[in-house]
Every structure is written in C-alpha cells, then in structure tokens.
Amino acid sequence: MTRDFLRPILPLALTAVLAAAGCSNPTPSGSNDLNPESGDSLRDGAAQEPDRSSGTDDRAGDGSAPDDGPDSGGGLPDSTTGGGASLDTPFFTRPYLNGWILLQDSDVEKALELGPKYGINYVQLSHSIVDDIDQVFESPARTEVLRGMVERLKAAGMIVHVWAREFNVKSFNVCFFPEKPEEDTIAQRQEAYRKALKLIPGIDGVVLMFGSASLEPFFAPCTCAGCKRRGGGPVDTPPVEERVRMILKAIYQTVSVELGKDLIMRDFNHAPGQQKALLAGINGLAEPFGVMAKDVPQDWQPYYPDNDFFGGVGPRRQIAELDLTGEYWGQTHIPFAMVEYLHRRVRRQQSKGSAGAAGRVSRGASLFGTPNEVNALAMTKYVTDASAGPDEVWREFIPQFYGPQPDTPAFDRLRRVLMSTFDVGRKMYYPKGFWALEKSSEIPSKVSPPAELAQRNTALWDPDWSAWFQELSNPTENTLADLWQEKTEALELAQANSLAMQELAPSLREAGGQDLARRIRRQEYAVRIWRHVTDAVFRHLHYNQNNRPERHANILMWDAVELEKLAGEVEREFGDVPIGRPSRVREFAKSVRDAIPASATPEGVSIPSIRGLEAAAEGGDVEIRFSITPLPAGAVEPAWSAAVEVAEKLPLFRPAAAADKPPADGRWRIRLGGKFPPGEFHYRVIITRDDGVRVSTGDWRYVPPRRR
C-alpha cells in the first residue's frame, strides 16, 4: 500500500515568502548554553553540560511505548515582507521520500545499480562527495565528476540534493551587520550558492546544516564596525536563534526564490542548547523550506530518545535521517540488524508527520553485500508501505541473501541469529545505555576515564538517565558486576550465534553463508574484547577513586593478559582487521599494564552470572526464566534471592515480582502475575546473595507473541 497519507502537510499553494533581511536592535547574546564541540577528523563534535531547559516530558526513547498520533502543529508564521517561490519541486510534491545519503563516490555507482530495486527516488551527495557548497566549483575536474554523477542519478529518476555546511569561511569572525559590501559575510555565502547551482543546474537542492561547519553560527562572533556600533562595545552578536533565522532567510532567498531549488535544513547539532536554538530559529520563519532530522538528537545511539524535531517544526515537510550501516555499531564489519528497531523509530516519526527518510549507506564500509543490507530493505518497506512490519522484511531478505524459505526451521533459526545481532551490538558497545568508550566503532587506544560518557551523556537528552550517569561516573563494585554481566549477555548471544552458523551451514547458500559465519565469528571476538576493555576502563576508574586496592590491580592485569591473548587469536584467524583491531588491542593492553604496579598478579573476575535469560508468555502471564552460574557441584546455591523489574520506558524500572529460591533443577522461573505493561515492555533481573553480592542483568525487551 503506497503511503499517500505521507503527502506533505505544507500547503503547496503557499507562495508568499520573506526576503533575506538582517535583524534590528539585537541584544547581546553569549553561547553559554550551547557548549563548544570537540571535533574529530569529520568535524563532528560533542555535547558537554546538559541544558535542561530544552527537555520535555513526552520524549519517547526507543524504550518507550510508541507515540499515539501527530502533533497538531500550526501554520507558518506570518510574512512581513514579500517574495515569491513555488513549492512544485519534486521534493515537495512526491508523496513520500525514500532516499539514500551517499558518502563516497562508490556509493553513487551502488545507487545507480541498486536504487531501482529498493525504489529509491531521492539521494543526497554528502561527506567526501560534497560537504560544502564551495566544493562544487573549487576544482574544474571535480566539477565535471559531480556533473556526471548528478546527470546519471537524475536520469534514473532521483531527486539530487547536495550537502552544505555554514559558515564555510576561513576567518573566525563574520559580520552580521555590514556597513560595507566587502564585510557582508552572508551575501558572500549567497554568492557561493549562486555560483555552484548555476554551474551544475541539474542539482535539485541543498541540504543546509550548521553542525561541524568551519565556523558554526552557534559560536560565530561579530566584531565588524557595524556590530561594535550597535552594541557600544567590542562585539555585539545577535542571539543564536536570530543568527539561525538570518542565515536561513538569506540562503533560502538565493537557493529557492532566485534559483528555484529546494532548501532542506538538517538538524545536526552537538548539544541541547543548540537544538533549542535551531528549533526556535526555524519556527520563527515563514519561508517554506523542508527539514531533515536524525531519528535521535545529535548522533546515533540506540538509547537516545526520539528527536524533538519530529512534530516540532509545524507544517513543514520533514524527513528522517537514518544510519543504516552502523557507523558506531561495527560499520558493517560485524552485523547489526536494525529491522525491529527501525520499525519502532520510523513509525513514531511518521506519527509526527515525517514524509519519508534518507538513510546513510556507508561509513568506513558500504552496507551493500553485507548482512546490514537488511536495514536498507527495512527502511524502504516502512517508508513505502504503511502496513509493513519486520516479518515482511525478513521474509524477503533471508531467501534472497541466504536461501532458506519462510516457515522452515532453517529460516526461523537464521532470523533469530540476525535479529540478535542488534542486542549483541548494543550490549557490547553501550555500557548501561551510555555512549562511553570511543566515538567510533573501535576500542579506545588507552585506559583512561571514559570521555564520551560525559560528552555524549544520554541524560543530556533525557534527564531520567541522570542517576545512571552518576553511577557510571563513580562506579561501585556493583556497577562493575553489572557491566561484566551485561557484556556476558552479549557474549552468550554471540556464542550461540556462532554455533548456529555452524549447524546452519548446509542449509545456506555457500557464499552468503560463509560470509555471514565469518562476520558472526568476528562479532564474537569483538564482544570478548569489549568485555575486557569495558571492565578495564571502569575498573581503572574505580581503582583510582578508591585508593588503588590491590585486588583491582590484579584484575586489571588479568584484563590486559586476556586482551593480549585475544589480539593474537584475532590476528591469526583474520589478520589486523578493524573492530577489535589486534594492533589497537595490544596498545590498549599496554596502557593498562602501565597504569598499575608491575607486581600485580593476574586474577580473573569471580562474580556469578545470570545465564539463559528469557521471557515467555504463559496464558495471560509472563514468566521470566534464568539460571545462576557457577553453582556448587551437585547442589543448588541456597543463598540467592531474585527480583524482576519492568519498565515502559528506559531506565524507569519498577519492581514486578520476586522469588527466594529456585526450583530443584536450578532454573529460576518467576511469574510476573499481571504486573507488566500492556504490549512491549523492558525487564531486567536482579539477584542478591546473603553476603551482599548483587548482580543485575542489562535491559531486555519483551515482545508479545502476537506482535512478532
């Protein structure tokens, strides 16, 4: 069923728009709620201190129940000056946008080859293809390459937009209130768009963004004479939301009014204060440009809440930006199937008025020809068919890539393997729901306080996570036990998947099956590595915060020794491959050795673990089952008690049921007795021993059988 209901809300008859204009009598404004970025090679930054003022009560993270309908929104603000632009461009008139974001030249060839198969009607040229509008004209040779790309993609029936970061300037200073033409920064930037879009007229539009620009408008000082005169001091920069409006109005005037092209505002930002300023700036304008927002605020992390931009920009045409390849989840080297996850995110976005999506198809490596290609199929299914669910995706993908037909034992088992790679990945990468170790898919190069924990703090975007942030910042013995348990859960899944691939081999097409088995095996090794790395990072933090106890030094030495062994095993089987790269693992292990006394004696982690955790429907009840290992030989450990907690929204767990002892076979079975939310919910198990030892599982999602 075609998604006719996704037709743009923005009235196509709207023709009156505002011309670009400066603001009058601005008040001086600092940027103390915006938080400077810490960039990397791709200029992506990081948030620091939270801005609670932008938090709302209805943010639905991935762990919450789906939203129940669109925001009513409202009309665009009244225009105060005239202008003229038509909204009959392809971006605004197609009923839905099913798009790919192409990051490298080879992605263009894949889009031409496979775009028709996936029904792709829209592409964005980004990153190493075009990241600043000036790149369209800076090199004549590159201009010809870009022109050829655009012509071929358009001949295939695709809308073609290019990325542009502003301000793209070499000077730290800009002039918002010029008194001389040569001071007019915004007019100079308008000329860059004019030049580029006239040089390659086939480009349909521009995706404008401020995050990671050469000089982000959030931090752009104005020190020209006009600014000084207005403020009566050395500098007077307009408020951030006014800067947003000034730039957007001007670029829209050039790109859309003058040249008849689309303008799409991308939401990429580094902190809640920046997101708040972007929303305020956008909602203060009448110009009918479109908006593209990531499914989560700031950057991809499966525990982040839904992005406030959805339902927050009024009647503008809006699409979602999705990461299909797993930039921070293994970059396709190890599988990360997001079929169920994307379904939850995309349907909530659509309930807020989203008219489609554009998904990244590479980052470090392309998803095509890998297990992660299922994510591209999932996006297409959900965008183009209002009734499609995960089952339809798996029924198409598995036979095509691996052979087993639906409703066969091999199909069902392979689907479980692929589905579980999502849980393996999130538990491996995100300690207790936080982005902590590294802004990449690799491990950190050395043991040190986890910098990303604060910079990409989940609680920045959802204050409900604040207590967990404080716990990870000051880890206790219980915290270390929970983290080891969480990574053990990932390892248990990964080991089961490796075994399943061996047993499934005769049922799979040879090439696809061998490739998948190799990637699953690499994922198992990666989990082993991340388990020791995570333990070392947080144990070292605990070690330094608690007078460097000898026992923890011994365990840290054991982590280092085990990592060195794993580096050798990976190198022998796969070479110096990314995602747990042996050379980097050895570098990290050395840093652990250097951080503790050389006299430390390796001593392994000796905490019980919760294994075989599952939730099963039993009549009108749900039963949680698990085992505790290791057990004394020939006996059931009598000193444990166990509790099950449930949550409609992470991390807000509440008690649901408890038990004092397991059955004689050692397999715990705890009925929730109706104390669980309707539909899907999250649960965890906490076990406590009489001597005070306590271990908690990570979070798990229960999906009623009827919704699988």
Worksheet item: If we only count heavy atoms from C-beta on, is the L613 to I624 side-chain gap below 4.5 Å?
Response: yes
Worksheet item: Could D306 and K352 be called an ion pair, given the rule that one side-chain N must be under 4.0 Å from one carboxylate O?
Response: no
Item to complete: List the atom of M379, the atom of A358, and the distance in Å for their closest heavy-atom pair.
Response: SD-C, 4.3 Å
Discussion item. Suppose we screen for side chain to side chain donor-acceptor pair (under 3.5 Å). Which residues come up paired with N497, at least two apart in sequence or across chains?
Written reply: S420
Discussion item. Can you confirm whether the side chains of Y304 and R456 place a donor and an acceptor under 3.5 Å from each other?
Written reply: no
Worksheet item: Taking only residues two or more places apart in sequence, or in another chain, which ones meet E477 in a salt bridge (Lys or Arg N to Asp or Glu O under 4.0 Å)?
Response: R551
Practice prompt. Search all heavy atoms of F538 against all heavy atoms of L472 and return the closest pair with its distance.
Written response: CE2-O, 3.5 Å
Worksheet item: Any donor-acceptor pair under 3.5 Å linking the side chain of T534 with the backbone of K487?
Response: no
Worksheet item: Is the shortest heavy-atom distance from the side chain of P371 to the side chain of R519 under 4.5 Å?
Response: yes
Worksheet item: Ion pair present between R694 and D482, side-chain N to carboxylate O less than 4.0 angstrom?
Response: yes
Item to complete: Give a yes or no answer on whether the side chain of R611 reaches the backbone of T488 with a donor-acceptor pair at less than 3.5 Å.
Response: no
Worksheet item: Would a distance-only check, ignoring hydrogens and angles, find a side-chain to backbone donor-acceptor pair under 3.5 Å from Q301 to G433?
Response: yes
Worksheet item: If you measure from the Lys or Arg side-chain nitrogens to the Asp or Glu carboxylate oxygens, is any gap between K294 and D267 under 4.0 Å?
Response: no
Practice prompt. Would you sort out whether E321 and R360 count as a salt bridge (charged side-chain N to carboxylate O under 4.0 Å, His left out), showing the intermediate values?
Written response: CA-CA 8 Å; E321 179 182 358; R360 294 194 188 192; 3.4 Å; yes
Item to complete: Please name all residues satisfying side chain to side chain donor-acceptor pair (under 3.5 Å) with S473, sequence neighbours left out, ordered by chain then number.
Response: none
Item to complete: Report the residues that fulfil side chain to side chain donor-acceptor pair (under 3.5 Å) with R593, sequence neighbours left out, ordered by chain and then residue number.
Response: E564
Worksheet item: Between Q349 and F310, is there a donor-acceptor pair closer than 3.5 Å when you use the side chain of the first and the backbone of the second?
Response: no
Discussion item. Under 4.0 Å between a side-chain nitrogen and a carboxylate oxygen: does that hold for D699 and R426?
Written reply: yes
Item to complete: Determine yes or no for a side-chain-to-main-chain donor-acceptor pair under 3.5 angstrom, with N474 supplying the side chain and Q470 the backbone.
Response: yes
Discussion item. With heavy-atom distances below 4.5 Å as the criterion, would you say the side chains of I687 and F626 are in contact?
Written reply: yes
Practice prompt. Give the minimum heavy-atom separation between T421 and A337, together with the two atoms involved.
Written response: OG1-N, 3.1 Å
Worksheet item: So do V695 and W484 actually touch side chain to side chain, heavy atoms under 4.5 Å?
Response: no
Discussion item. List the residues meeting side chain to side chain donor-acceptor pair (under 3.5 Å) with W329, not counting sequence neighbours, and say none if there are none.
Written reply: Y430
Worksheet item: About how many Å separate NE2 of H682 and CZ of F676, when rounded to the nearest 0.5 Å?
Response: 15.5 Å
Worksheet, complete the sentence: Hits for side-chain contact (heavy atoms from CB on, under 4.5 Å) against H343, two or more places apart or cross-chain, chain-then-number order -> R347, Y382, P390
Item to complete: State, yes or no, whether a side-chain contact exists between P444 and V533 at a heavy-atom distance under 4.5 Å.
Response: yes
Worksheet item: Which atoms form the tightest heavy-atom contact between A320 and M292, and what is the distance?
Response: C-CG, 4.2 Å
Worksheet item: Tell me, do Q318 and F309 make a side-chain contact under 4.5 Å, heavy atoms counted?
Response: yes
Practice prompt. Output all residues satisfying side-chain contact (heavy atoms from CB on, under 4.5 Å) with A656, sequence neighbours left out; order by chain, then residue number.
Written response: V646, L672, K675
Discussion item. If the threshold is 4.0 Å, N to carboxylate O, is there a salt bridge linking R625 and E614?
Written reply: yes
Fill in: Heavy-atom check, side chain of F588 versus side chain of V537, under 4.5 Å
yes
Practice prompt. Could you please spell out the steps behind the ring pair (Phe, Tyr, Trp, His ring centres under 6.0 Å) verdict for F268 and F210?
Written response: CA-CA 7 Å; F268 181 50; F210 297 153; over 10 Å; no
Discussion item. Tell me if a side-chain donor or acceptor on Y525 pairs with a main-chain N or O of L566 at a distance below 3.5 Å.
Written reply: no
Item to complete: Please list, chain by chain and in numerical order, all residues satisfying side-chain contact (heavy atoms from CB on, under 4.5 Å) with R416, sequence neighbours excluded.
Response: D412, R413
Worksheet item: Do N457 and W465 have side-chain atoms, one donor and one acceptor, less than 3.5 Å apart?
Response: no
Item to complete: Return yes when atom CD of Q495 has more than 12 non-hydrogen atoms of other residues, nucleotides or ligands closer than 6.0 Å, and no otherwise.
Response: yes
Discussion item. Restricting to side-chain contact (heavy atoms from CB on, under 4.5 Å), what partner residues turn up for A617, sequence neighbours left out?
Written reply: Y702, P705
Worksheet item: Below 4.0 angstrom, N of the basic side chain to O of the carboxylate: do D594 and K590 qualify?
Response: yes
Worksheet entry | Heavy-atom neighbours of N547 CG exceed 12 at 6.0 Å | no
Worksheet entry | Close side-chain approach of L483 and E486, heavy atoms under 4.5 Å | yes
Worksheet, complete the sentence: Output for pair (F434 CZ, W468 CH2), nearest 0.5 Å, gives 8.5 Å
Which donor-acceptor pairs under 3.5 Å do side chains of residues 554-561 form with protein atoms, sequence neighbours excluded?
unit_1, atom_1, unit_2, atom_2, d
N554, OD1, T601, N, 2.9
D559, OD1, H532, ND1, 2.8

Practice prompt. Please name the pair of heavy atoms, one in A378 and one in V393, separated by the smallest distance, quoted to 0.1 Å.
Written response: CA-CG2, 3.8 Å
Response to the item:
Here the pair of heavy atoms bringing A536 nearest to V592 is CB-CG2, 4.2 Å
Worksheet item: Do any N or O atoms from the side chain of S641 and from the backbone of D660 form a donor-acceptor pair under 3.5 angstrom?
Response: no
Worksheet item: Taking atom CZ of R671 and atom CG of D621, what is their separation to the nearest 0.5 Å?
Response: 5.5 Å
Item to complete: Anything under 30° is parallel, anything over 60° is perpendicular, the rest tilted; go ahead and classify Y429 against W530.
Response: perpendicular
Fill in: Separation of F653 CZ from Y683 OH (nearest 0.5 Å)
10.0 Å
Item to complete: Determine, stepwise, if the pair Q275 / W461 fulfils side chain to side chain donor-acceptor pair (under 3.5 Å).
Response: CA-CA 10 Å; Q275 185 189 57; W461 306 100; over 6 Å; no
Discussion item. I'd like to know if the side chain of R669 reaches the main chain of R667, judged simply by a donor and an acceptor atom lying under 3.5 Å from each other, with no hydrogens or angles considered.
Written reply: yes
Worksheet item: Among all residues two or more places apart in sequence or in another chain, which pass the salt bridge (Lys or Arg N to Asp or Glu O under 4.0 Å) test with R521?
Response: E524, E573
Worksheet item: Atom CZ of R363 and atom OG of S440: how far apart are they, to the nearest 0.5 Å?
Response: 11.0 Å
Item to complete: Check salt bridge (Lys or Arg N to Asp or Glu O under 4.0 Å) between R584 and all other residues, then give those that pass, not counting sequence neighbours.
Response: E438
Item to complete: Give a yes or no answer on whether the side chain of Q485 reaches the backbone of I610 with a donor-acceptor pair at less than 3.5 Å.
Response: yes
Practice prompt. Could you tell me the separation between the CG atom of L652 and the CG atom of D464, rounded to the nearest 0.5 Å?
Written response: 4.5 Å
Discussion item. Determine whether a donor-acceptor pair (N or O, by modelled atom type, separation under 3.5 Å) exists between the side chain of D462 and the backbone of P651.
Written reply: no
